[in-house]
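Okay, so here's the structure we're looking at.
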Protein chains: 2
Amino acid sequence: MKTVSTRRLAQDEPAKVRRRDREKTKAEILQIAFEEFAESGLLGANADAIAARAGITKRLIFYYFNSKEELFIAVLEMAYGKMRLAEEDLHLETLEPEAAIRRLAEFTFDFHQANPEFVRLVAIENIHRGRHIQRSEKLTRMTRPVIGQIERVLAKGKSLGAIRPEIDAHELHATLNALSIFSVANRHTFEAQFHWDMTSPEAKARRRVEIAEVLWRYVRCDKASAIADQ
Amino acid sequence: MKTVSTRRLAQDEPAKVRRRDREKTKAEILQIAFEEFAESGLLGANADAIAARAGITKRLIFYYFNSKEELFIAVLEMAYGKMRLAEEDLHLETLEPEAAIRRLAEFTFDFHQANPEFVRLVAIENIHRGRHIQRSEKLTRMTRPVIGQIERVLAKGKSLGAIRPEIDAHELHATLNALSIFSVANRHTFEAQFHWDMTSPEAKARRRVEIAEVLWRYVRCDKASAIADQ
DNA sequence: CCTGTAATTATCCAATGAGATAATTACAGG
DNA sequence: CCTGTAATTATCTCATTGGATAATTACAGG
């Protein structure tokens with residue numbers, strides 16, 4: 001079982017240059033740990049497997065991250081950090097209310113579809129009752145910039161009379177995330193129950209507009225909307 | 001670690017009567033296994049712990065269920081079975097379209113809120129890519145009766161001009177379940193990010209009407225609705 | 001070149017936990 | 001009352017796996 005040459009498996013560069021590079025090594029461990037944790041969960045993920053895939057020794061993982069749990073926390077921080085970065089590129093301010101809402105919905109849907117490992121990681125962390133995300137200073141401080149954007153879109157929409165005044169940014173965010181995450185997170189039990197392929201391009205495309213539609217119909221004002229656009 | 005007297009811990013009845021009762025023993029194992037799997041996941045759940053809580057020996061678990069995975073499948077079957085039973089009691093046929101939709105939404109929400117272990121179990125099964133639900137004859141055959149009810153509600157609503165003709169029962173079911181499950185399944189990461197208590201009675205009550213509102217606004221016809229009710 | 005430090009490795013260890021073996025015991029049907 | 005069968009127990013095994021110990025080696029700064 002313990003093969004002699006576990007090293008150098010994941011290495012394709014000139015082999016010389018990047019040994020003894022603290023930051024690069026840590027980043028490599030993190031990326032592979034991310035994949036392993038997302039695939040197998042906190043218990044299921046295996047330190048030996050991570051080491052083997054990273055082309056290093058298991059000891060090195062503990063050298064940098066102290067314990068499996070701390071490694072998991074570091075992985076969570078990285079994953080959430082990437083999402084935050086993506087959200088910053090979403091410029092909703094320039095759009096009209098309806099376009100902004102639809103763009104927000106589609107962006108969120110696309111992100112989750114493109115990052116199922118992230119969705120799985122979040123599900124795993126919830127199974128563990130969020131005890132790691134709580135323990136992380138970085139994560140508890142990490143506010144989600146998208147909330148501010150949503151608030152501004154809502155404010156604008158309300159002042160224009162296009163969006164209902166009682167809509168709350170956090171509720172809207174929860175609604176959207178619920179719809180978007182479900183398509184990835186609960187894919188398997190849903191498919192098994194209804195013999196429904198949620199991964200086909202058509203199904204995804206349909207769900208994508210469906211979610212935008214749900215969201216827009218939820219926030220728009222009763223009278224104005226139907227006539228105002230189109 | 002291996003305590004001598006693990007027996008008789010969960011026993012409160014007259015102690016004599018119900019020993020050597022195949023069905024009762026199996027049912028007890030199933031119930032406790034359900035709780036343990038929901039709490040700790042497929043890997044995290046421990047056969048020794050289940051045995052101890054059930055007041056039996058670990059061997060007995062394997063005697064009845066062969067393996068941990070088969071036990072997990074049996075637990076899934078039981079849990080889904082209970083949900084199906086609950087769904088059958090939902091009589092939507094007699095209600096007007098809007099009332100039916102709201103009742104459906106609230107019933108679903110209440111069910112998930114009342115059965116967080118079930119929601120966790122489903123999340124765990126999805127982490128495992130639904131491989132157990134697939135393997136179970138019983139579960140793949142088990143159609144969800146609620147779909148039929150939704151279809152009838154939609155048909156009636158459409159013929160009355162209260163519900164949009166393009167609404168699909170499965171999409172609606174997915175939308176509702178996404179919203180409802182999220183409030184339980186993603187509670188912890190959501191709360192950590194927004195310092196938002198989703199378990200308080202007020203938050204739950206608010207979310208409950210919110211979800212019904214989202215659903216109804218999604219399915220209703222553009223013109224009729226705003227005037228028709230109230 | 002030389003050397004101290006930090007990155008990295010090789011190897012070991014102790015706990016855990018799923019499942020197996022084989023003995024024991026309750027009880028239904030004769 | 002007797003006995004075969006099925007329920008139940010006590011005990012063992014062995015693979016897995018986090019984490020620990022201690023040795024080794026690359027390389028930056030003198």
Side-chain angles (χ1 to χ4, degrees), chain A residues 1-11 14-30 32-33 36-37 39-75 132, chain B residues 1-11 14-30 32-33 36-37 39-75 132:
Chain A
M1 198 103 298
K2 65 178 69 163
T3 44
V4 180
S5 59
T6 48
R7 298 184 51 187
R8 199 76 346 155
L9 286 179
Q11 211 74 1
K16 181 71 144 312
V17 191
R18 284 288 199 170
R19 219 56 306 196
R20 304 258 156 167
D21 183 328
R22 183 183 182 86
E23 293 313 314
K24 178 139 191 266
T25 301
K26 282 175 71 173
E28 281 177 3
I29 293 173
L30 267 186
I32 289 169
E36 292 285 323
F37 279 128
E39 177 58 38
S40 315
L42 180 53
L43 279 170
N46 180 300
D48 281 309
I50 294 171
R53 281 192 54 202
I56 54 161
T57 320
K58 182 169 63 171
R59 182 66 186 84
L60 204 48
I61 296 172
F62 292 97
Y63 176 69
Y64 283 121
F65 297 98
N66 302 313
S67 73
K68 202 182 183 182
E69 295 236 352
E70 282 180 59
L71 175 60
F72 187 73
I73 292 174
V75 163
H132 309 94
Chain B
M1 197 103 299
K2 65 180 69 164
T3 42
V4 180
S5 60
T6 49
R7 299 185 51 185
R8 198 77 342 157
L9 288 179
Q11 211 73 359
K16 180 71 142 315
V17 191
R18 285 288 198 172
R19 219 50 316 189
R20 305 258 156 166
D21 183 330
R22 184 184 180 85
E23 294 313 314
K24 179 141 190 262
T25 302
K26 282 176 74 174
E28 280 176 5
I29 294 173
L30 267 186
I32 290 169
E36 292 285 323
F37 279 128
E39 177 60 37
S40 315
L42 180 54
L43 278 169
N46 180 299
D48 282 309
I50 295 171
R53 282 191 53 203
I56 54 160
T57 320
K58 182 169 63 169
R59 182 66 186 85
L60 205 47
I61 296 173
F62 292 96
Y63 175 70
Y64 283 121
F65 297 98
N66 303 313
S67 73
K68 200 183 185 185
E69 295 236 351
E70 281 181 58
L71 176 59
F72 186 74
I73 291 174
V75 163
H132 309 93

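Predicted, not measured: the structure shown is a model, and the values here were computed from it. No hydrogens, no waters, no symmetry mates; every other heavy atom, side chains included, goes into these values. Every chain is numbered from 1, with letters handed out A, B, ... down the list of sequences.
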Can you name the closest pair of heavy atoms from A:A51 and A:T57 and give their distance? CB-C, 3.7 Å
Decide yes or no for B:E69 and B:L42: does some side-chain heavy atom of the first lie under 4.5 Å from some side-chain heavy atom of the second? yes
Starting the side chain at C-beta, find the nucleotide from D:dT9, C:dT9, D:dA6 nearest to A:L60. C:dT9
Could you tell me the separation between the CD1 atom of B:I29 and the OH atom of B:Y63, rounded to the nearest 0.5 Å? 11.0 Å
Of the nucleotides C:dG19, C:dT9, D:dG18, which one has an atom closest to the side chain of B:K68? C:dG19
Tell me, what's DNA chain D's dot-bracket, Watson-Crick or G-U with both distances under 3.5 Å, | for other-strand, [ ] crossing? ||||||||||||||||||||||||||||||
Of all residues at least two apart in sequence or in a different chain, which pass the salt bridge (charged side-chain N to carboxylate O under 4.0 Å, His left out) check with B:K58? B:D48
A:I56 has an atom CD1; how far is it from atom C1' of C:dA10, in whole Å? 14 Å
Roughly how far, to the nearest 0.5 Å, is CG of A:L43 from NZ of A:K68? 6.0 Å
To the nearest angstrom, the CD1-C1' distance between B:I61 and C:dA20 comes to 15 Å
In B/S/- notation (B base, S sugar-phosphate only, - none; protein heavy atoms under 4.0 Å), nucleotides 20-25 of chain D written 5' to 3' is -BB--B
Closest non-hydrogen contact found for B:V75 with B:A33 is CG2-CB, 3.8 Å
Separation between CD1 of A:I50 and CD of A:E28, rounded to the nearest 0.5 Å: 13.5 Å
Residues at least two apart in sequence or cross-chain that pass ring-ring contact (aromatic ring centres under 6.0 Å, His included) with B:F65, listed by chain then number, are none
Nearest-Å distance, CZ (B:F65) to P (D:dA7)? 12 Å
N/O (side chain, B:Y64) to phosphate O (OP1/OP2, D:dA6) under 4.0 Å: no
Applying ring-ring contact (aromatic ring centres under 6.0 Å, His included) to B:F72 and not counting sequence neighbours gives B:F37, B:H132
Over how many whole Å does the gap from B:K26 atom NZ to D:dA6 atom C1' extend? 13 Å
Below 4.0 angstrom from OP1 or OP2 of D:dT8, is there any side-chain N or O of B:T25? yes
B:E70 CD to C:dG19 C1', in whole Å, measures 13 Å
DNA chain C contacts made by residues 40-49 of chain B, counting heavy atoms under 4.0 Å: B:A45, B:N46, B:A47
D:dG19 C1' sits how many Å from A:L71 CG, rounded? 13 Å
From OH of B:Y63 across to C1' of C:dG19 the rounded distance in Å is 17 Å
Check side chain to side chain contact (heavy atoms under 4.5 Å, CB included) between A:A27 and all other residues, then give those that pass, not counting sequence neighbours. none
B:L30 side, atom CG; B:L71 side, atom CG - distance, nearest 0.5 Å: 6.5 Å
B:E70: partners by salt bridge (charged side-chain N to carboxylate O under 4.0 Å, His left out), with sequence neighbours left out: none
Rounded to whole Å, the CD-P distance (B:E23 to D:dT8) equals 11 Å
